[in-house]
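Worksheet for the structure shown next.
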Amino acid sequence: MNIAQPLIPTICKCFEEKFNVQLSPNEISFQTTRKEFEGDITLVIFPFLKKVQQKPEALAQAIGEYLMQHHQQIARFNVIKGFLNISFAHTVWVETLAQIANTTHYGVLPANGQKVMVEYSSPNTNKPLHLGHMRNIFLGYSVANILKANGYEVMKVNLVNDRGIHICKSMLAYQKFGKGETPQSTGIKGDHLVGNYYVVFDRENKKATAELLATYQKTYPNENPEQLAELAAKNSPLLLEAQEMLRRWEEGDPEIVQLWQTMNNWVYEGFDATYQKMGVDFDKTYYESNTYLLGKAVVEEGLAKGLFFKKEDGSVWVDLTADGLDQKLLLRADGTSVYITQDLGTADMKYADFPMQKSVYVVGNEQDYHFKVLKLILQKLGRSYADGIYHLSYGMVELPTGKMKSREGTVVDADDLIDEMVHIARERTKELGKIDDFESAEAEALYHMLAMGALKYYLLRVDPKKKMLFNPEESIDFQGDTGVYLQYTHAKIAAILRRARELGVDASPAAFSNATQLAPQEIELIQVLAAYPKRVADAAEEYAPSLIAAYAYELAKTYSRLYAELSIFNEPDAALKSLRVALSAQTAKVLKSALQLLGIQAPERM
RNA sequence: GACCUCAUAGCUCAACUGGAUAGAGCAACUGCCUUCUAAGCAGUAGGUUGCAGGUUCGACUCCUGCUGGGGUCACCA
C-alpha cells in the first residue's frame, strides 16, 4: 500500500506546467515525516533546486498548493525550510485499513516464475552445532521464507561436509580410545559423542607432538626451535595415522568406510534432532563424499576454452590478476581436486537439479575471497546462473573472549543453549502464572516456542553482514526489544480478538468505514501496517531478515502504545470500536506474518 | 607486506541507502495494574557517530589520510 505513489505523476505535471521542467518519476521519493513535525509524508525539496531557480520554501509552497488542488485526499500541508510535509485526510487511512483487511496474503507477492536455491547450515560431521551455526541456519531459513514471500520458488539445501582429514581425526580417536562406545551405550547424542572424540584427538595429538618435539630437541639442540616445532607438528604420529586413514577411505577400504558410515550416521541423527528443535528443514541434502570428485570436467572445459592454464608440474591455475585477484590453483599436479574444484562442480550439479536464476550461499565472511573467485570463474565459463550467485556473507558470533573455537572447547553449544532457554522460559512463565490451566504438553510446547522465539530474534535482529557479540554470562532477554515481546504482543491481541468475537463486535470494513476522527495512535499504526509490503521486498533485495525483525518490533511497539492509551471495548463510538478491533486483527495478521518470515511462531496465549 | 572489513550512549544494536534536533533495548532513576495479559506503557538521564581533513545546500552515510579491532592472501575446507 503505497499511499504516496499517486502523488508522483502530479508532481511531475506540476514541474512541467509551472517551471517547464521534465522530471522522471524515479527522481521523486517520499519519506515518512519525523515525529516532531506535523504531517504524514515528507518531500525533500533540495534536490530540485538545481533544475528550478527558486527558493526552497517557495518551491515547496508551490508544489504543496498544486497537490492540494489535484488530490482531495490531502487535508493540508506545511513547509519548513526545504521540507514539504503533507497530511492526508482521515478517510485515506480508513480506506487503507480496509484495503489491508481485504488482502488475504498481505505482503506476499504472487509467484514470479523465478527459482532460487538457498544453501545453509552446511556443517562438518566431526562436531556438534554451535551458536555460529545457529546464526547461519536461522539466516538461511529466514531468507528462504522471505524469498518465497516475494514470489520465488525456493529450494533449501544443505551441503554436508562429511569427509576429509577432520573427520578422520574423530574416527582415529574413536578407534584408539572409544572402547566400542555408542550413543545408545552412553546415552550421549551422536553428534556430541563424535565431537568428543575430535577433542580427544586434539588433546592426544598435542601430547604426541610435544613428546616428538622433546626428542627432536635432544637430537638437534642447535636447530631453530620454531622450525623443530613445525616439523614435530607435521610428523606427529597421530596426524600421520589420520592422513593414512584418509588415503584408505579414498581407496574404499571397507573397514574404514564402515566406521565412517557408522559414525556419520550417529552425527546425522544428532543433527536431525537439533534441526527439528530449531524448526528448520531442507528440501535436499548434498554430501561432499558424493561431490568431492566433481569439478574436474569443469577444469578441463576451462582449459579447452583457454581460460585456465597448466603449469610445468601439471597443476592447473586460473589467472585472475586482471580482475584484481590472484592466481588460483584449481587442480593439483597429481590431478586431485581442491576446495574450489568441487564447488565449481557442485554449482553445475545444483543447476542441473534445479535450474535457478539465483543461488544463495549462506557462508561466513571469512570466505568472502573464495566466493568472489568462484563467482568470477563461473562467469568466465559463461554459466547462465553465475550472475545470480549471491554469497550471503555473515559476520561471526563472537564471545567476550574472542572467536569460538571447537577444538578448544570455547563454543556455545546449540543443544545446551536451547535447553537453557527453554528452562528460563519455563521458570519465567510459571512465575507469571498466566497459563496455569494449560495441559503440561501444551505448556511445554509454549516454553519451547518462547525459547526459540527469543533465540531466533536475538540472532536475526542484527544486520547479517556485521559480526555480533554474545555474552554467555547474560542470558538472552525476554523483555524489551526481543522475540518474546513480539510473541507477547501477538498473544495480547489474540485475547482482544477472542473477546471481540464473544461480544459480537463487527470489525468488517463496512462497520468502520464511516469512522471520521482518528486518534494519532491509530493513524500511526495504519501507516506502519501500510509499510509492510515494501519492507518484505527490501528484505529480499538485501537478503536481510534484520529488516523484518526491526519492522516487527516497530509494529508491536506502535500497537502496544495504542493498546495502553486507547480503550477498545469501552469506546462509545461504534465505528471507532470496530476500527480498533479491525486494527488489532490486522496487526495480529501482519505480526504473525513477519514472525513467520523469521521462523518464529506466534502464540495465542502466554 | 598486500587486499577486504568494521568502529555510533556504560553495554547490545538501529538509523528508510546523502535529508530536519542520530533512535531503540538492557542497566539506573520516576510515574502508571478497581478498565481489554504490567513478558506492558509513559517519562528522566546518557552522544564532538574512533581521530584529522575534504566533497555539498546538507555527511553516521561518499572521498583521502591516520589510529585501533577482525578477516583473507594454503597444493586446508
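Keep in mind that this is a model prediction, so the values were computed, not measured. Quick note on labels: first sequence line is chain A, next is B, and so on, each numbered from 1.
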Under a 4.0 Å heavy-atom cutoff, the residues of residues 571-587 of chain A touching RNA chain B are none
- Message: I'd like to know if the side chain of A:D506 and the backbone of A:A511 have a donor-acceptor N/O pair within less than 3.5 Å.
- Response: no
- Write down the distance separating the P atoms in B:U55 and B:A14, rounded off to the nearest Å. 31 Å
Taken in chain and number order and not counting sequence neighbours, the residues that satisfy side chain to side chain donor-acceptor pair (under 3.5 Å) with A:Y457 are A:D481
**Report entry** A:V157 backbone acceptor or donor facing A:T285 side chain under 3.5 Å
**Finding:** no
Next on the checklist: Check this for me: does any side-chain nitrogen of one of A:E502 and A:R499 sit under 4.0 Å from a carboxylate oxygen of the other?
Outcome noted: no
Protein-proximity profile, nucleotides 69-76 of chain B, B/S/- by nucleotide at the 4.0 Å heavy-atom cutoff, equals --SSS-BS
Given the 90°-from-0 boundary between syn and anti, B:C33 should be labelled syn
| Using the P atom in both, what is the distance from B:G43 to B:C4, to the nearest Å? | 45 Å
Within the pair A:K372 and B:C3, is there a side-chain N or O less than 4.0 Å away from OP1 or OP2? no
Among B:C41, B:A39, B:G19, the one nearest any side-chain atom of A:R561 is B:C41
Original post:
For atom P, what is the distance between B:C11 and B:U49, given to the nearest Å?
Top reply: 16 Å
- prompt: B:A20 base stacked by A:F37? Criteria: ring centres under 5.5 Å, plane angle under 30°.
  reply: yes
Can you tell me, in whole Å, how much space there is between the C1' of B:G53 and that of B:U67? 15 Å
- prompt: Cationic tip of A:R135 within the cone over A:Y394's six-membered ring, i.e. under 6.0 Å and within 45° of the normal?
  reply: no
Would you indicate what A:E288 reaches in the nucleic acid, counting non-hydrogen atoms under 4.0 angstrom: base, sugar-phosphate, or nothing?
sugar-phosphate
Ignoring backbone atoms, test whether A:R535 places a side-chain nitrogen or oxygen under 4.0 Å from the OP1 or OP2 oxygen of B:C16. no
Does a salt bridge link A:K372 with A:D368, judged by any charged N lying under 4.0 Å from a carboxylate O? no
Per the 3.5 Å Watson-Crick/G-U criterion and a run length of at least three, the stems involving RNA chain B are B:1-7 with B:67-73, B:10-13 with B:23-26, B:28-32 with B:40-44, B:50-54 with B:62-66
Practice task
May I ask you to decide whether A:E27 forms a salt bridge with A:K51, counting only side-chain N to carboxylate O separations under 4.0 Å?
Solution key: yes
A:Y390 meets the side chain to side chain donor-acceptor pair (under 3.5 Å) criterion, sequence neighbours left out, with none
Notebook entry, point to check: Between the base of B:A20 and the side chain of A:T42, is there any donor-acceptor pair under 3.5 Å?
Noted result: yes
Could you work out the separation of B:C60 and B:U21 based on their P atoms and round it to a whole Å? 10 Å
_B:A7 to B:C29 separation - C1' atoms, rounded to the nearest Å_ = 30 Å
Counting primed atoms, P, OP1 and OP2 as sugar-phosphate and everything else as base, the B/S/- map of nucleotides 25-36 of chain B against protein heavy atoms under 4.0 Å is SS--------BB
Check your understanding: Rounding to the closest angstrom, what is the interatomic distance between B:A59 and B:G19 at atom P?
Key -> 11 Å
Just N and O in the side chain of A:K81: are any of them under 4.0 Å from OP1 or OP2 of B:C57?
no
Taking for A:V462 and for A:K434 the nucleotide of RNA chain B with the nearest heavy atom, the one nearer the 5' end belongs to A:V462
Side-chain atoms of A:R34 come closest, of B:A39, B:A20, B:A14, to B:A20
When you check the gap from the basic side-chain N to the acidic O, do A:E524 and A:R561 get nearer than 4.0 Å? no
Worksheet entry | Nearest-Å distance once atom P is located in both B:G50 and B:A9 | 8 Å
Winner on side-chain proximity to A:D463, out of B:A14, B:G19, B:A20, is B:A14
